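Remember, predicted model here, so these are calculated numbers, not experimental data. We count residues from 1, following the sequence as given.
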Amino acid sequence: MKAIINGNVITETEIMENAAVFIDGQFIVDILPMDEAGAELLGVNETIDARGGFVAPGFIDIHSDYIEGIVAPRPTSLMDVNIGIRESERILSSHGITTMFHSLSIYREDLFGHKPIREPENVQKLIEAVARTHGEKHLIRHRLHARFELDALEQLPILKSHIEKGNVHLLSFMDHTPGQGQYRNMAVYRETMKSYQNMSDTEIEQKMLDKLDYEHISYDGMKELAELAHSKNIAVASHDDDYIERIDFNERLGTTISEFPITIEVAKYAHDLGQHTIAGAPNIMLGGSHSGNLNAAEAISEGCISILCSDYYPAAMLHSVFKLHREYDHPLEEVIKLITLNPAEAVNMDHEIGSIRMGKKADINVIQFNEGYPVVTECIVDGAVISRYHYRVDEEA
């Protein structure tokens with residue numbers, strides 16, 4: 001048995017100051033104040049001293065395309081996908097992410113820059129690489145978030161096959177047709193394409209017109225796909241919801257997650273219907289959306305965003321919650337749920353992970369402060385310490 005001692009333990013309801021968490025194998029077996037833990041400490045063969053830092057649940061990231069940049073660091077450089085997975089988990093654990101839903105885009109055509117990693121054959125390689133981690137040695141918990149673009153009809157058979165095989169753990173519907181969702185402003189869409197594509201204005205306009213003409217999956221087809229996911233206990237999300245009517249449409253499909261609602265009005269509507277609502281943690285750090293859409297900090301203060309994801313920047317998970325706590329006066333035990341318990345509930349994993357509670361898996365981070373900067377010094381997954389960092393000062397300095 002092991003114990004994390006001298007920590008401020010963030011539970012589902014409070015912060016227990018100067019407490020100890022006891023772990024037996026993969027599971028949390030007790031949480032006690034230090035002045036009551038003496039007898040139980042006698043049976044411990046490994047201790048981790050939190051040194052007055054926070055002891056928090058492991059972070060659960062249900063939307064991140066970070067793996068794309070690891071596997072394809074340059075537009076013309078495509079690395080081995082297996083190496084990419086292995087390298088990514090070491091980086092992710094350093095940021096406290098213990099469960100990662102690698103968000104892979106299933107496109108007919110990616111108009112926002114030529115990313116070889118988004119070509120169908122490379123997406124399939126990544127899906128298979130994520131699936132293999134379950135039976136191989138690994139550090140963190142790898143899961144797959146399949147992001148299906150509504151005009152990628154030729155990809156439907158293989159997507160359904162992956163759902164049937166258990167390779168998909170979250171499904172979302174996306175529509176990047178010009179004038180929709182995040183890019184409902186056509187001028188913004190056009191400028192975004194210019195920033196990625198080496199094309200003339202005429203070529204860009206033609207690409208946009210082509211995209212508008214692509215056939216989309218029917219409502220019945222979406223319903224069938226959603227029902228297949230539900231039959232496998234897979235949550236279904238909508239992406240970039242821009243109108244209240246779209247939330248109603250997605251509700252009829254059976255979605256339970258609204259990713260990146262475009263406005264606070266839409267986020268409130270989705271939240272009031274009982275949907276899990278997601279914003280990007282980088283939005284908190286940057287002070288707003290890079291696309292000029294919903295401000296995540298404002299939406300959290302309004303009570304209509306329930307989950308933060310890293311989106312593309314893993315470090316944002318840790319730093320965003322402490323920024324919300326320090327600059328917006330949100331209780332830490334509440335904002336930590338944005339990256340732990342709430343995402344666990346959204347993807348049907350809260351019976352196992354997402355909080356420090358007796359009987360749950362011991363996915364835990366020890367968080368210290370380095371000159372006011374939060375850092376994960378120990379990351380624990382399934383009761384095993386998978387990473388440990390010691391910050392030092394040069395003696396000669």
Side-chain angles (χ1 to χ4, degrees), residues 1-60 92-99 139-141 315 317-326 330-344 350 352-393:
M1 191 161 71
K2 63 167 64 77
I4 305 170
I5 61 173
N6 302 322
N8 297 307
V9 180
I10 305 175
T11 72
E12 292 181 6
T13 58
E14 63 177 337
I15 297 178
M16 292 180 59
E17 296 184 358
N18 196 30
V21 179
F22 293 88
I23 301 166
D24 191 3
Q26 297 183 11
F27 297 96
I28 298 166
V29 294
D30 215 346
I31 309 164
L32 293 171
M34 284 300 298
D35 58 8
E36 298 177 17
E40 198 154 349
L41 284 170
L42 294 175
V44 167
N45 52 30
E46 180 183 354
T47 59
I48 299 167
D49 191 347
R51 304 181 301 283
F54 289 105
V55 180
F59 306 156
I60 301 165
L92 295 170
S93 66
S94 74
H95 297 302
I97 296 170
T98 54
T99 300
L139 295 176
I140 69 170
R141 196 173 284 104
M317 296 282 275
L318 173 66
H319 296 291
S320 62
V321 294
F322 278 96
K323 181 172 182 177
L324 287 168
H325 173 55
R326 289 175 164 179
H330 292 293
L332 185 58
E333 64 270 25
E334 290 303 316
V335 289
I336 204 77
K337 291 178 185 177
L338 296 168
I339 60 172
T340 57
L341 185 57
N342 294 355
D350 55 303
E352 258 191 338
I353 60 174
S355 60
I356 296 178
R357 193 177 77 192
M358 290 172 58
K360 282 196 173 184
K361 292 282 189 76
D363 284 12
I364 296 173
N365 290 315
V366 177
I367 301 168
Q368 305 286 347
F369 285 86
N370 181 4
E371 302 296 331
Y373 177 92
V375 294
V376 173
T377 52
E378 284 89 9
C379 181
I380 299 167
V381 179
D382 282 347
V385 179
I386 62 164
S387 68
R388 176 174 279 143
Y389 292 89
H390 175 69
Y391 286 81
R392 63 187 183 82
V393 176

Side chain to side chain donor-acceptor pair (under 3.5 Å) partners of Glu12, counting only residues at least two apart
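Applying side chain to side chain donor-acceptor pair (under 3.5 Å) to Glu12 gives Ser355, Arg357.
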
[X] versus [Y]: any side-chain heavy-atom pair under 4.5 Å?
{"X": "Thr98", "Y": "Cys379", "value": "yes"}
{"X": "Ile97", "Y": "Thr99", "value": "no"}
{"X": "Arg388", "Y": "Thr377", "value": "no"}
{"X": "Gln26", "Y": "Lys361", "value": "yes"}
{"X": "Met16", "Y": "Ile10", "value": "no"}
{"X": "Ile386", "Y": "Ile380", "value": "no"}
{"X": "Ile364", "Y": "Val55", "value": "yes"}

Suppose we screen for side chain to side chain contact (heavy atoms under 4.5 Å, CB included). Which residues come up paired with Ala315, at least two apart in sequence or across chains?
His95, Tyr313, His319

Does the pair Lys360 and Asp350 meet the rule for a salt bridge (charged side-chain N to carboxylate O under 4.0 Å, His left out), with working shown?
CA-CA 9 Å; Lys360 282 196 173 184; Asp350 55 303; 5.8 Å; no

Determine the sole option in Val29, Ile4, Asp382 for which the side-chain contact (heavy atoms from CB on, under 4.5 Å) test with Ile23 is passed.
Ile4

Counting distance only, does the side-chain N/O of His325 pair as donor-acceptor with the main-chain N or O of His330 below 3.5 Å?
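Pair found, side chain donor or acceptor close to backbone of His330.
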
Exercise: identify the closest heavy-atom pair between [X] and [Y]:
{"X": "Ala56", "Y": "Ile356", "value": "C-CD1, 3.6 Å"}
{"X": "Tyr389", "Y": "Ser94", "value": "OH-CB, 3.3 Å"}
{"X": "Ile336", "Y": "Glu333", "value": "CG2-O, 3.6 Å"}

Quick one: pull up [atom1] in [X] and [atom2] in [Y] and give me the separation to the nearest 0.5 Å.
{"X": "Phe22", "Y": "Ile5", "atom1": "CZ", "atom2": "CD1", "result": "9.0 Å"}
{"X": "Leu318", "Y": "Phe59", "atom1": "CG", "atom2": "CZ", "result": "5.0 Å"}
{"X": "Asn365", "Y": "Ser387", "atom1": "CG", "atom2": "OG", "result": "8.0 Å"}
{"X": "Leu338", "Y": "Ile60", "atom1": "CG", "atom2": "CD1", "result": "12.0 Å"}
{"X": "Leu92", "Y": "Ile140", "atom1": "CG", "atom2": "CD1", "result": "4.5 Å"}
{"X": "Asn342", "Y": "Lys337", "atom1": "CG", "atom2": "NZ", "result": "7.0 Å"}

Yes or no on salt bridge (charged side-chain N to carboxylate O under 4.0 Å, His left out) for Lys2 and Asp24, after CA distance, side-chain angles and deciding distance?
CA-CA 7 Å; Lys2 63 167 64 77; Asp24 191 3; over 6 Å; no

Give me the ring orientation class for Phe322 and Phe369: parallel if the planes are under 30° apart, tilted from 30 to 60°, perpendicular past 60°.
perpendicular

Show me the side-chain donor-acceptor pairs of residues 30-52 shorter than 3.5 Å, one per line, residues at least two apart or across chains.
unit_1: Asp49; atom_1: OD1; unit_2: Asn6; atom_2: ND2; d: 3.1
unit_1: Asp49; atom_1: OD1; unit_2: Arg51; atom_2: N; d: 2.9
unit_1: Arg51; atom_1: NH1; unit_2: Asp49; atom_2: O; d: 2.8

